[in-house]
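Written out below as structure tokens is the structure these notes cover.
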Amino acid sequence: MTFKRLFLIVIFLLMYSSKSYAFLPIKVGVYIEPPYVNYVNNEFVGINIDIIKSFAQRLNTELIYTPCPFIRCILLVKEGQIDVVVGIQKSPERAKYMQFLAQPFSIQYYPLNFYLLQDSQLTINNYNDLKKLRIGTIRGALYFDTFDQDNALIKMPVTTYEQLIQLLLKGRIDTFPEREESITPWLSPDNTKQQLKAASFHFQKAVGSYFAISKKSQLVDQLQRLNDIQQLLITSGKIDEIYEKWREK
């Protein structure tokens, strides 16, 4: 084999390898949930946006955002129409069509509260008090196993936090579960914060936030690289820096 022929073979293999492993723009499903994702001045911003940007920078690729209600984002990942969702809980059902990175990039310790109207005569002191109440939920969201699997509860799913609040204010639901950091941004613009209160009962459990990839995405082939990037972001303090930046706002 001549040197020239060998050179051409090497060039071909490099070109083939480049095409096989080159990263096309990553399609990211985003659902509005300040401070994780928000849309301000015609751009998506927030904790999860900064995190996915940190991945994209190290992969030398671009991002294409697909705004969608939470349940729609989940379906788009399942169908392979988007590549990634960021900041999602891991579950056996989701693992059937999502490839989760080896560990969560963050763990939340905030309690899951059940919100009531400030002047409500209802009390929720324990889990059993939820029975017979009309409970608003975000369609497709996970809360905690007992609650998620309890088909006897009266759950009324909606697509946004704003809808949850409005249904509660209008008396169409009795309560809804959510963490304070997720619900507070929706209460800030007016006096609704003074109209709601957290019930005595709350659920306390550490919840991992994961980077999840559609099993139909080309990114699945780069799982080890993505895990390595995430580990670097964690150990370098970049993830903590991002959270601190947005919590100061």
Side-chain angles (χ1 to χ4, degrees), residues 29-37 46-48 51 68-75 77-78 85-117 120 122-168 172-187 196-212 239 243 247:
V30 291
Y31 47 93
I32 303 301
E33 185 187 0
Y36 299 99
V37 178
I47 293 172
N48 290 350
I51 289 173
C68 40
F70 181 76
I71 186 61
R72 179 63 178 161
C73 285
I74 299 298
L75 292 174
V77 170
K78 186 174 184 178
V85 286
V86 180
I88 193 171
Q89 289 187 50
K90 185 177 182 180
S91 73
E93 177 60 30
R94 290 175 179 172
K96 293 177 183 178
Y97 50 87
M98 294 182 188
Q99 179 63 61
F100 291 87
L101 294 195
Q103 67 182 87
F105 59 77
S106 177
I107 298 178
Q108 299 179 5
Y109 295 95
Y110 300 103
L112 187 70
N113 296 318
F114 283 85
Y115 287 92
L116 297 163
L117 287 177
S120 175
L122 297 172
T123 58
I124 307 176
N125 296 318
N126 54 60
Y127 184 83
N128 286 333
D129 287 339
L130 295 173
K131 295 177 180 178
K132 297 185 179 181
L133 296 185
R134 299 165 298 169
I135 308 167
T137 61
I138 294 294
R139 187 173 281 107
L142 297 178
Y143 295 95
F144 55 97
D145 289 346
T146 303
F147 180 85
D148 295 336
Q149 297 167 14
D150 193 340
N151 295 323
L153 294 177
I154 305 169
K155 301 174 189 175
M156 301 178 66
V158 297
T159 56
T160 69
Y161 292 106
E162 188 174 18
Q163 289 174 336
L164 281 179
I165 295 168
Q166 289 304 312
L167 286 177
L168 184 58
R172 294 173 61 184
I173 59 174
D174 300 308
T175 186
F176 65 81
E178 195 48 68
R179 290 174 174 79
E180 183 177 0
E181 65 164 1
S182 293
I183 206 65
T184 297
W186 299 99
L187 304 178
L196 306 185
K197 65 181 178 182
S200 298
F201 173 71
H202 62 266
F203 184 79
Q204 183 81 47
K205 181 181 179 181
V207 177
S209 295
Y210 282 85
F211 186 109
I239 297 290
Y243 272 86
R247 283 172 179 159

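Fair warning: this is a prediction, and the values are worked out from it, not measured in the lab.
In this structure, Y109 and A206 approach most closely via the heavy-atom pair CE2-CB, 3.6 Å. Taking all atoms of both residues into account, the shortest heavy-atom contact from L116 to D174 is CD2-O, 3.3 Å. Residue F100 comes nearest to S91 through the heavy atom pair CZ-N, 4.3 Å, listed as atom of the first residue, atom of the second, then distance. Of all heavy-atom pairs between G136 and P177, the closest is O-CD, 3.1 Å. Across all non-hydrogen atoms, the minimal contact from L122 to S120 is N-OG, 3.1 Å. Taking all atoms of both residues into account, the shortest heavy-atom contact from T123 to D129 is O-CB, 3.7 Å.
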L133 vs I154, test: side-chain contact (heavy atoms from CB on, under 4.5 Å). Steps then yes/no. CA-CA 6 Å; L133 296 185; I154 305 169; over 6 Å; no
Check the pair Y36, V86 against side-chain contact (heavy atoms from CB on, under 4.5 Å), reporting the backbone distance first and the verdict last. CA-CA 9 Å; Y36 299 99; V86 180; over 6 Å; no
Stepwise, does the side-chain contact (heavy atoms from CB on, under 4.5 Å) test hold for V85 with V30? CA-CA 7 Å; V85 286; V30 291; over 6 Å; no
Is there a side-chain contact (heavy atoms from CB on, under 4.5 Å) between I165 and I183? Walk through the geometry before answering. CA-CA 9 Å; I165 295 168; I183 206 65; 3.9 Å; yes
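Using a 4.5 Å heavy-atom cutoff, the side chains of T175 and I124 are in contact. Side-chain contact between T159 and Y31 is absent, with no heavy atoms from C-beta onward closer than 4.5 Å. The side-chain heavy atoms of V158 and T137, taken from C-beta on, include no pair separated by under 4.5 Å. Counting heavy atoms from C-beta on, the side chains of P111 and F203 never come closer than 4.5 Å. Between L168 and L117 the shortest side-chain heavy-atom distance falls below 4.5 Å. Side-chain contact between S182 and E33 is present, with heavy atoms from C-beta onward closer than 4.5 Å. Contact annotation: the side chain of V77 never approaches that of R94 to less than 4.5 Å [non-hydrogen atoms, C-beta and beyond].
In this structure a side-chain-to-backbone donor-acceptor pair under 3.5 Å is missing from R179 to L112. A distance-only check finds a donor-acceptor pair linking the side chain of Q163 to the backbone of T160 [under 3.5 Å]. For N48 (side chain) and V37 (main-chain N/O), no donor-acceptor pair under 3.5 Å exists by modelled atom type. Listed for the R139 side chain is no donor-acceptor partner under 3.5 Å among the backbone atoms of F70.
Atom CD of E162 has 12 or fewer heavy atoms from other residues, nucleotides or ligands within 6.0 Å. The number of heavy-atom neighbours closer than 6.0 Å to CD of E181, taken from other residues, nucleotides and ligands shown, is above 12. Residue K78 places its NZ atom among 12 or fewer non-hydrogen atoms of other residues, nucleotides or ligands, all under 6.0 Å distant.
F176 pairs in a ring pair (Phe, Tyr, Trp, His ring centres under 6.0 Å) with only one of the listed residues (Y115, Y161, Y143), which is Y115.
At a cut-off of 3.5 Å, with distance as the only test, no side-chain donor of Y127 or T146 sits close to an acceptor on the other residue.
Within the model, atoms CG of L164 and CD1 of I173 stand 5.5 Å from one another, a figure rounded to the nearest 0.5 Å. The CG atom of D145 sits 8.5 Å away from atom CG of L142, with the distance rounded to the nearest 0.5 Å. Separation of atoms OG (S209) and CD (Q108) is listed at 4.0 Å; rounding is to 0.5 Å. With rounding to the nearest 0.5 Å, the separation of CD in E178 from OG1 in T184 is 10.0 Å. Here the CE atom belonging to M156 is positioned 6.5 Å from the CG atom belonging to L167, to the nearest 0.5 angstrom. Atom OG of S200 is separated from atom CG of N126 by 10.0 Å, given to the nearest 0.5 angstrom.
A cation-pi arrangement, defined by a distance under 6.0 Å to the six-membered ring centre and an angle within 45 degrees of its axis, is present between K155 and F147.
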